[in-house]
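Structure, as structure tokens:
Because only heavy atoms are used, hydrogens play no part in the values below, and waters and symmetry mates are left out as well, while side chains stay in. Every value quoted in this text rests on a predicted model; they were computed, and no experiment measured them.
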Amino acid sequence: QVQLVESGGGLVQAGGSLRLSCAASGRTLSSYTMGWFRQAPGKEREFVAAIHWSGEYYADSMKGRFTISRDNAKNTVYLQMDSLKPEDTAVYYCAARTGPIRSVDVMYNYWGQGTQVTVSS
């Protein structure tokens with residue numbers, strides 16, 4: 001089993017930055033694909049970014065603003081979010097799966113509890 005715990009969410013003004021962290025326990029994540037998803041009120045959960053040993057992948061609307069990275073020594077994945085917009089307001093979830101990158105949430109086996117990000121205008 002893999003346990004994931006997100007942190008780093010909060011309230012930020014438009015144009016600001018936040019860095020989310022996802023700390024994993026139970027397994028070494030170096031061979032897992034790690035992903036970030038988000039869900040805004042009244043909307044479906046959407047893919048944000050994912051990272052695998054072979055590379056990274058971003059949703060089009062996040063390219064150039066968000067950066068995913070991982071520290072295998074700390075078993076932690078990060079999401080650096082810059083130039084935040086009010087429409088980025090959502091609960092952000094960390095997820096893990098074995099195998100290559102996928103952008104569909106049902107392909108992920110393990111999930112964190114989520115962290116709230118609120119961007120004010």
4.5 Å side-chain heavy-atom contact, [X] and [Y]:
X: Val48; Y: Tyr93; answer: no
X: Tyr110; Y: Gln1; answer: yes
X: Cys94; Y: Trp36; answer: yes
X: Phe37; Y: Gln39; answer: no

Partner residues of Glu87 under the side-chain hydrogen bond (donor to acceptor under 3.5 Å, both in side chains) criterion, sequence neighbours left out: none

Approximate separation, where rounding is to 0.5 Å, of [X] [atom1] and [Y] [atom2]:
X: Met62; Y: Ile68; atom1: CE; atom2: CD1; result: 11.5 Å
X: Tyr58; Y: Ile51; atom1: OH; atom2: CD1; result: 6.5 Å
X: Gln116; Y: Tyr92; atom1: CD; atom2: OH; result: 9.5 Å

Which atom of [X] lies closest to which atom of [Y], heavy atoms considered:
X: Ser30; Y: Arg70; result: CA-NH2, 3.8 Å
X: Thr98; Y: Asn109; result: N-OD1, 3.8 Å
X: Lys74; Y: Thr76; result: O-OG1, 2.9 Å
X: Ser121; Y: Ala14; result: CA-CB, 4.4 Å
X: Leu4; Y: Ala24; result: CD2-CB, 3.7 Å
X: Phe47; Y: Ser103; result: CB-O, 3.3 Å

Between [X] and [Y] (side chain of the first, backbone of the second, donor and acceptor by atom type, cut-off under 3.5 Å), is there such a pair?
X: Gln113; Y: Val5; answer: no
X: Thr118; Y: Thr89; answer: no
X: Thr33; Y: Gly99; answer: yes
X: Glu6; Y: Gly114; answer: yes

Could you list the donor-acceptor pairs under 3.5 angstrom formed between side-chain atoms of residues 77-85 and any protein atom two or more places apart in sequence or on another chain?
| residue | atom | partner | partner atom | Å |
| --- | --- | --- | --- | --- |
| Gln80 | NE2 | Asp82 | OD1 | 2.9 |
| Asp82 | OD1 | Ser17 | OG | 2.7 |

Chi angles and distances behind the side-chain contact (heavy atoms from CB on, under 4.5 Å) call for Asp88, Arg65: CA-CA 11 Å; Asp88 293 319; Arg65 299 193 301 125; 2.7 Å; yes

Sequence neighbours excluded - salt bridge (Lys or Arg N to Asp or Glu O under 4.0 Å) pairs with any residue from residues 90-115: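 Every pair satisfying salt bridge (Lys or Arg N to Asp or Glu O under 4.0 Å) with a residue in residues 90-115: Arg45-Asp105.
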
